[in-house]
2 protein chains.
Amino acid sequence: MGASTSLDESAPIDPRSSLEGTTTDPVGSSAQRERRQRILDATIALATEGGFDAVQMRAVAERADVALGTLYRYFPSKIHLLVSALGREFDRAQVAWASRTIPGGTPADRVVHVLRRTSRGLGDRHLTEALTRAFMFADSSAQVEIEKVGIALTKMLTHAMYPDQRDVTDDDMTVARVIGDVWLSALVAWVTGRSSDEETARHMDRAVRMILR
Amino acid sequence: MGASTSLDESAPIDPRSSLEGTTTDPVGSSAQRERRQRILDATIALATEGGFDAVQMRAVAERADVALGTLYRYFPSKIHLLVSALGREFDRAQVAWASRTIPGGTPADRVVHVLRRTSRGLGDRHLTEALTRAFMFADSSAQVEIEKVGIALTKMLTHAMYPDQRDVTDDDMTVARVIGDVWLSALVAWVTGRSSDEETARHMDRAVRMILR
DNA sequence: GACAGAAGTGAAACGTGTTCCTATTATGTC
DNA sequence: GACATAATAGGAACACGTTTCACTTCTGTC
């Protein structure tokens, strides 16, 4: 009944895909790539409309026009699905930033700018809520997808800190990760309604300027 | 069918309880207080044994020797239940630290010490996983319980930074919150198996010394 | 002690994530 | 083009959080 190869757990799609090319993964038949994109599109659409709870597996399958079993073949759980969607969005954002000059005279200014834009780019609160919750809830079975998100985020942050392609030191990585940590916590507080827009923005601003002082 | 007063959403037990006295809340009959403690004990026990997934509402009810409906009367959801349990643990920890001299010659040393001990004090990975996940997943309906956790954590951290009862400035609060943010993210990475014990400890150590530099 | 209302019990039922199974359709090989 | 194999469809079934409800037990008041 089950599949035969060792890649079963990560769907028939090669996990390394979107770290290299975002839209044209050389993996699977073209029908499979399209199906995968349709599923992710449906996920983002449902998440945007109603957040985490609205991303119901049956609804995703129906909107993507695949059977429920097929959905589970591509993404072994709702968490994998949402984290993969988050990964695709981050990937796109990171690629977009890489080829752009980030405004701001100091690393802190630029980092704050990128974080604000990325928050906004994630869409409304619903979408952010769905993706953030999935990320925080994911266990090690979604490690590959999680790491992709982390790598994209770190790239964005280090690029914002030092736009010239200077070597990234160990310390820089720690800084980037700490900022990412604070940002995630702030997002969680925001999407769960514990912190207002203003409070969140102010906290991030302070935190970044403190860390990058 | 529902209750009549405005306190319905937070169970028949007064929410302000454990911010003042941890074990002898002057709220509800003694039978109610005992039931509440039994429920929280059962929650901690199950979480310790098998983590978030093992804390099943039917299992908690059975072990605490209450009906499922009663459990839901005390805690309106699994998230409330776990966050309340986390709050009780943090409350106890914070009270314990308050009356103790924290070893370490610098604020960073003392903060690192407190965080390590608290992580360990949370028990094994299973318990930490259950409580951390609940905390990250909680929405604003559990705001009261969440704030209790945040206050206890902030108290612990500011006390570790400045053991002498000096005034806590706005900056100090930001520092404490940033450290708390990083700690939570690190815990999430740890309990989800994305980061080893050593990596987690090292990251926290670096982050704290960077923030408190 | 009788009574009213609150609290607790026990069990059924519902929703959604997840699994499983059989029939059908694509895909690639000869 | 026929066949072997994998992929998909379609749908039933299961697990656990949550709700609901009729009934019983407790608690405080007269």
Side-chain angles (χ1 to χ4, degrees), chain A residues 1-13 27-36 38-39 43 46-47 50-83 130 133-134 137-139 141-142, chain B residues 1-5 7-14 27-36 38-39 43 46-47 50-83 130 133-134 137-139 141-142:
Chain A
M1 57 209 71
S4 48
T5 73
S6 59
L7 281 180
D8 190 21
E9 49 177 305
S10 55
I13 308 298
V27 182
S29 70
S30 109
Q32 283 175 329
R33 270 177 280 136
E34 275 165 27
R35 238 185 296 259
R36 184 185 164 91
R38 274 211 314 279
I39 292 172
T43 302
L46 287 167
F52 188 87
D53 290 342
V55 181
Q56 300 186 357
M57 299 304 271
R58 291 171 178 87
V60 172
E62 189 178 357
R63 185 172 304 210
D65 208 35
V66 300
L68 187 56
T70 304
L71 172 54
Y72 272 95
R73 175 185 291 273
Y74 279 74
F75 301 94
S77 78
K78 175 171 174 172
I79 295 298
H80 283 78
L81 174 59
L82 280 166
V83 175
R133 280 203 160 158
F137 214 65
D139 66 5
S141 77
Chain B
M1 59 209 75
S4 48
T5 74
L7 282 178
D8 190 22
E9 52 178 301
S10 55
I13 308 299
D14 188 332
V27 181
S29 70
S30 109
Q32 283 176 329
R33 269 176 281 136
E34 275 165 27
R35 239 186 293 261
R36 185 186 163 91
R38 274 210 314 279
I39 292 173
T43 302
L46 287 167
F52 187 88
D53 290 342
V55 181
Q56 301 186 358
M57 299 305 270
R58 291 172 178 87
V60 172
E62 189 178 358
R63 183 171 306 210
D65 207 35
V66 299
L68 188 57
T70 305
L71 172 54
Y72 272 95
R73 175 185 291 272
Y74 279 74
F75 301 95
S77 78
K78 175 171 174 172
I79 294 297
H80 282 78
L81 175 58
L82 281 166
V83 175
R133 279 201 164 160
F137 214 65
D139 65 5
S141 77

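Numbered from 1 within each chain, the chains take letters A, B, ... in sequence-line order. Everything quoted here is computed from the prediction, not taken from an experiment.
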Indicate yes or no: at least one non-hydrogen side-chain atom of [X] is less than 4.5 angstrom from one of [Y].
| X | Y | answer |
| --- | --- | --- |
| A:Arg35 | A:Arg38 | yes |
| B:His80 | B:Tyr74 | no |
| A:Leu68 | A:Arg58 | yes |

Let me know the distance between [atom1] of [X] and [atom2] of [N], rounded to the nearest Å.
| X | N | atom1 | atom2 | value |
| --- | --- | --- | --- | --- |
| B:Gln56 | D:dG17 | CD | C1' | 10 Å |
| A:Arg36 | D:dA7 | CZ | C1' | 16 Å |
| B:Asp53 | C:dT18 | CG | P | 11 Å |
| B:Arg73 | C:dG10 | CZ | P | 15 Å |
| B:Arg33 | C:dG8 | CZ | P | 13 Å |
| A:Tyr72 | C:dG17 | OH | P | 7 Å |
| A:Leu81 | C:dT16 | CG | P | 16 Å |
| B:Phe137 | D:dC16 | CZ | C1' | 14 Å |

Correct closest heavy-atom pair for A:Ser77 and A:Tyr72 would be CA-CE2, 4.2 Å
What's the shortest heavy-atom distance between A:Leu82 and A:Ala134, and which atoms?
-> CB-CB, 3.3 Å
How are the rings of B:Phe137 and A:Phe52 set to each other: parallel, tilted or perpendicular (split at 30° and 60°)?
-> perpendicular
[atom2] on [Y] to [atom1] on [X], rounded to 0.5 Å:
| X | Y | atom1 | atom2 | result |
| --- | --- | --- | --- | --- |
| A:Glu62 | A:Gln56 | CD | CD | 11.0 Å |
| B:Thr43 | B:Lys78 | OG1 | NZ | 10.0 Å |
| B:Ile79 | B:Asp139 | CD1 | CG | 8.5 Å |

Could you check which residues of residues 57-71 of chain A get a heavy atom under 4.0 Å from DNA chain D? Sort them by number, please.
-> A:Arg58, A:Asp65, A:Val66, A:Ala67, A:Thr70
Set out, line by line, the N/O atom pairs under 3.5 Å between protein and nucleotides 23-29 of chain C.
none

